[in-house]
Structures are given as structure tokens and as C-alpha cells.
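Here the structure comes first, spelled out in C-alpha cells, and everything after it is commentary.
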Amino acid sequence: MNDRPLFTLSIDQNEHLPAGGQEVHAILTVEASGPAPEPAGGVEAAEVIIVDASGSMGGPKIAEARRAAQVAVETLRDGVHFAVVAGTHEATKIYPTGRAGLARADAGTREQAARALRGLNSGGGTSIGAWLRLAAELLQDHPRAVRHAILLTDGQNNEDERAFAAALAHCAGRFVCDCRGVGTDWKPAELRRVAEALLGGSGFIRDPGDLADDFRAMVETTMGKAVAEVALRIWTPQHGRVKYLKQVSPALADLTGLRTDVDALTGDYPTGAWGAETREYHLCVEIPPGAVGQEVRGAWVRLVAPDAGTGGPGGPGDVLARGNVLARWTDDLALSTRVSPGVAHYTGQAELFELIQEGLGARAAGDLETATARLGRARELAEESGNTDTAKLLAKVVEVDPGTGTARLRRAVDRADEIALDTGSVRTARIKKEPGPGGRGAAS
């Protein structure tokens, strides 16, 4: 494919293990760079826009949601397949009407979609799993396309937990979904769960008037994707295993449970569609211990795009990049206790997320002592690691006494600020290479 970006894979690790050591850590940096179509025009794409139309969306929220969905439709390039879904206690395709499947974007279908959106009203409950199942059904006829959905909600899911979990499992691997919450009555953890299962992102729209710009940005990003599906294919030696694989930049997401077995030693981990971008992953593998002085390959990592004949993970695919994670046993304590800068940095970013979640949970439960300790430490860690965005969000919830340096919870915290912190806690600060030869430096 001439229009496919050039992929590179670099690996940051300390390969030295102590005698008897079995756990190997590495940061995998995957970068996709030009050439790519402008704007990925040769790549088939399919988009479903899901708008919460439940009763709580009445008033200015439904009006702004209509406008945002219309802007999203207008942003689609000609020829992209699309549909608009109204979400309540059920899922209803409001455009295209009168026929199955998706419409192709052109001046006429955009105007028809706008008319359908003008008739969108609020009423009913919230069944996010049902909305996602309809999106999967609509997108299934376009298996080679960049398949994407936008999901907007302002409330909490009313579905039975088993039904919701089954819907996420059904939709995983079928499309990427970016989620947005508007207002202050939805649960960040709920949308984070959808985003992680469907390889998308989740975000908070504080002001409904900002929805249109956010929807436009999400569609523009999707229109820039040049490869519909890419997987990290990881081989481990006999009696070895992948303990976990987590995306750590630009946001945290656990991919471990999304594995598809290729053979007894190899598994594919989906990463979704790619444009020109960089993502980083923390790989941890467990392998049988070796003798001091022995060197082995702890993991063989390949970046794979399914070929036309496979249409999904687990097939032979097209290898875009590859690299080795090594293990070498030593009795030199200085070598075996050294932690690579990338592993250290992103382990700290994961700790930051956990501290925020624990702190917010303790605050909600009325345990102010634990909340203060966790959120105070999170603010310190955010500042130390260069995660200025998260540090600013934390400053609205926890303050530091300038005289004593003691952290304390703010007495009055806006619910919107708390949601912004919860939602933003998955975003990490990247670690960049220092100028000059070798090494890694401060976060950016």
C-alpha cells in the first residue's frame, strides 16, 4: 500500500535480570509517520454518531447535541459511510431511514441527516450497550474500513450489568468508539470502560456549547486514519507468558484481556486504526529463569496489519515493524537493579492514575484522611513527572499549604472539576528523548 504510513518500533528496557529473575519489562514506542493520503482520502471509512436522547438530555443539551451531530456529519469527507443513532432505553437509527445499513456522505445525504437531527427530541432511559450493539450491526458490512463511533451521554447506564458486559464483549474488535460525557450526572468509570474495551478515548464536555467543536475534532482525527486495523503480535518462549500489555501514552488503557491467540506461543493485541501518530505501550513478560551469563529473547514483538485475506486478528497479516525484548541474567547488582527511564516514568504515570482513583473514591465515601493522602501524593507526583495538565486538575481539588507544604482537600469542590480530574486521570505525560546522543529525558 503506497498510502500507508511508515511504522517504526523502538524498545526501551533494561535486559539485565538478577539470578533467578523471571519478569522482563519494556516500553514499546510505535510511531507512524508519512507519507499518507490527504486527508487519508483513499481509505474507506464508516462512522456512526450516537446521541443520547434520554429524558435528562432535555433543554440546551439536546439542542447542542443536535448541532454537534450535524457538524460531525458535515466534517465527513465525501464517500464516507455514516449513520446517526438516537440512544434512549433502546437504540434507533434516525438516519438513514427507510433502508438498511449506512448512507454515503455527499451534499444530499448531509442535508437529509440535518433534517432528521432537527426532529430529534429527548425522552426515555439510557441503555448504552444497546446503542453500541446497533453501531456494530451498522458497521459490520464494512470490514475493511476505518470503523468508528462517537457516543455522547449525560447520564448513567440503566442496563443490567451482565447485558452491558455482554454488549462490550460483542462489540470489542468491531469498531473504535470515542465517548463523551456532558453535564455532571454521568459516571466517568462507565465511559472509560467503554473506551478501553473499544480502543477509543473518553472525555468530559463541561459546557454543552463546546460539543460541536469537540465532535468536529473527533471526526477530523478519524478522517486522518490511514490504516484501519493494527495489532501488536507478541511471541514469548515456551513456558513464558505476557503478564500484561498496557498502552501508557497518550492515555492509559489495558490491552491484556483483548488478546487473540495466533498459536500456543503468540497472541495479537489490537491497537485500532492509525494515522500519523505515536503511542507507547508497557509490556511485561514472565519467562523461565536462565543461568548467569545466559541471554535469551524474552519476547518477539511485531506490528501487524491484517491482510486482505484474513480480515481480522490472528491471520498471517502484513508485518509493519518488529523488535526483540531481551533477557540476560547477571550477578552484577548494579546492572540488575537499574530501571530503564521509560519503564520508570510510565510506572509512575500508572501510579498517578491509581492514586487519583483511590483518592476520589475515598472522598466520595467520606474518608477524608485517605482522600487527602492519596490526592496530595498524586499532586506531588504529577508535578515531579511533568504532567502539568493533571497537576492543574488536581489543584482544583487539593491544595498545598505554602508555609508547611501540607496537602489538604479544598472545602468546596465543583462537581465538574471532580469529573474533569477523574476523566483526565488517564492522560499521561510523554517522556521525550534528550537532545544529543542516547538517553531519555524529561516528560513533555
Side-chain angles (χ1 to χ4, degrees), residues 48-52 54 56 85 87-89 91 125-136 139 147-205 214 218 244-260 269-273 279 281-282 349-350 352-362 364-365 390 393 415 418-428:
V48 175
I49 301 160
I50 306 170
V51 177
D52 185 342
S54 62
S56 59
V85 169
T88 59
H89 53 280
T126 303
S127 295
I128 294 175
W131 308 351
L132 294 171
R133 281 185 179 274
L134 178 56
L139 293 166
R147 295 179 291 181
H148 182 257
I150 291 171
L151 187 153
L152 171 69
T153 187
D154 78 328
Q156 300 174 21
N157 193 28
N158 302 145
E159 289 171 310
D160 174 80
E161 164 58 27
R162 288 173 297 180
F164 184 41
L168 293 181
H170 173 77
C171 296
R174 296 172 185 262
F175 61 97
V176 171
C177 184
D178 286 315
C179 307
R180 293 295 183 267
V182 63
T184 58
D185 294 326
W186 57 284
K187 289 183 177 179
E190 213 160 62
L191 288 196
R192 198 158 46 235
R193 186 175 168 191
V194 174
E196 187 165 292
L198 304 185
L199 302 175
S202 62
F204 171 42
I205 307 300
D214 190 71
M218 283 191 283
Y244 59 78
L245 177 69
K246 300 178 181 181
Q247 180 181 289
V248 291
S249 175
L252 298 170
D254 192 347
L255 306 183
T256 312
L258 303 181
R259 174 184 173 114
T260 298
Y269 298 83
T271 66
R279 304 180 203 171
Y281 302 87
H282 185 170
Q349 295 295 287
L352 174 59
F353 169 77
E354 303 233 346
L355 285 167
I356 291 171
Q357 293 302 308
E358 290 173 6
L360 290 176
T390 300
L393 294 173
R415 172 62 178 158
E418 188 176 345
I419 289 177
L421 174 60
D422 195 340
T423 305
S425 63
V426 298
R427 294 194 294 271
T428 58

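Only heavy atoms go into these numbers, but all of them, side chains included; no hydrogens, no water, no symmetry mates.
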Inset, instruction - Over all heavy atoms of both residues, which pair between M218 and I150 is shortest? Give the atoms and the distance, please. - result: CE-CG2, 3.7 Å
Legend entry - Set of salt bridge (Lys or Arg N to Asp or Glu O under 4.0 Å) partners for R133, sequence neighbours left out: none
Enumerate, atom names and distances included, each donor-acceptor pair closer than 3.5 Å involving a side-chain atom of residues 352-360, sequence neighbours excluded.
unit_1: Q357; atom_1: OE1; unit_2: R192; atom_2: NH2; d: 3.2
unit_1: Q357; atom_1: NE2; unit_2: D422; atom_2: OD1; d: 2.9
unit_1: Q357; atom_1: NE2; unit_2: S425; atom_2: OG; d: 3.1
unit_1: E358; atom_1: OE1; unit_2: R374; atom_2: NE; d: 2.8

Legend entry - Atom pair CD1 (I205) and CD1 (I419), whose distance is rounded to the nearest 0.5 Å: 12.0 Å
Legend entry - Gap between atom CZ of R147 and atom CG of L139 - 0.5 Å precision: 6.5 Å
Inset, instruction - Considering non-hydrogen atoms only, spot the tightest contact between T390 and G424 and give its length. - result: OG1-O, 4.0 Å
Listing, residues 175-182 side-chain donor-acceptor contacts under 3.5 Å, not counting sequence neighbours, or none:
unit_1: D178; atom_1: OD1; unit_2: G201; atom_2: N; d: 2.7
unit_1: D178; atom_1: OD2; unit_2: H148; atom_2: NE2; d: 2.8
unit_1: R180; atom_1: NE; unit_2: D214; atom_2: OD2; d: 2.6

Legend entry - Heavy-atom side-chain proximity of L152 to I49 below 4.5 angstrom: no
Inset, instruction - Output every pair passing salt bridge (charged side-chain N to carboxylate O under 4.0 Å, His left out) with a member in residues 153-173, not counting sequence neighbours, ordered by first then second residue. - result: K61-D154, D160-R162, E161-R193
Inset, instruction - Quick one: do L191 and L151 satisfy side chain to side chain contact (heavy atoms under 4.5 Å, CB included)? Show the steps, please. - result: CA-CA 9 Å; L191 288 196; L151 187 153; 4.2 Å; yes
Legend entry - Chi angles and distances behind the side chain to side chain contact (heavy atoms under 4.5 Å, CB included) call for V194, F164: CA-CA 10 Å; V194 174; F164 184 41; 3.7 Å; yes
Inset, instruction - Using the test side chain to side chain donor-acceptor pair (under 3.5 Å), find all partners of Q247 that sit at least two apart in sequence or belong to another chain. - result: none
Inset, instruction - Go through the structure and list residues passing side chain to side chain donor-acceptor pair (under 3.5 Å) with T256, not counting sequence neighbours. - result: D254
Inset, instruction - With sequence neighbours excluded, tell me which residues meet side chain to side chain donor-acceptor pair (under 3.5 Å) with T153. - result: D52
Legend entry - Heavy-atom closest contact (A136 atom, C171 atom, distance): CB-SG, 3.9 Å
Inset, instruction - Just jot down the side chain to side chain donor-acceptor pair (under 3.5 Å) partners of R259, sequence neighbours excluded, or say none. - result: D261, Y269
Inset, instruction - Return the orientation label for the Y244 and H282 ring planes: parallel under 30°, perpendicular over 60°, tilted otherwise. - result: perpendicular
Inset, instruction - Measure the shortest side-chain to side-chain distance between S249 and R279 over non-hydrogen atoms and say whether it is less than 4.5 angstrom. - result: no
Tabulate below the donor-acceptor pairs under 3.5 Å that side-chain atoms of residues 125-132 make, not counting sequence neighbours, or state none.
unit_1: S127; atom_1: OG; unit_2: H89; atom_2: O; d: 3.2
unit_1: W131; atom_1: NE1; unit_2: T88; atom_2: O; d: 2.9
unit_1: W131; atom_1: NE1; unit_2: S127; atom_2: O; d: 3.1

Inset, instruction - Can you sort out the partners of A169 under side-chain contact (heavy atoms from CB on, under 4.5 Å), two or more places apart, ordered by chain and number? - result: none
Inset, instruction - Taking all heavy atoms of T423 and all of R427, pick out the closest pair and write down the distance. - result: O-NH1, 4.5 Å
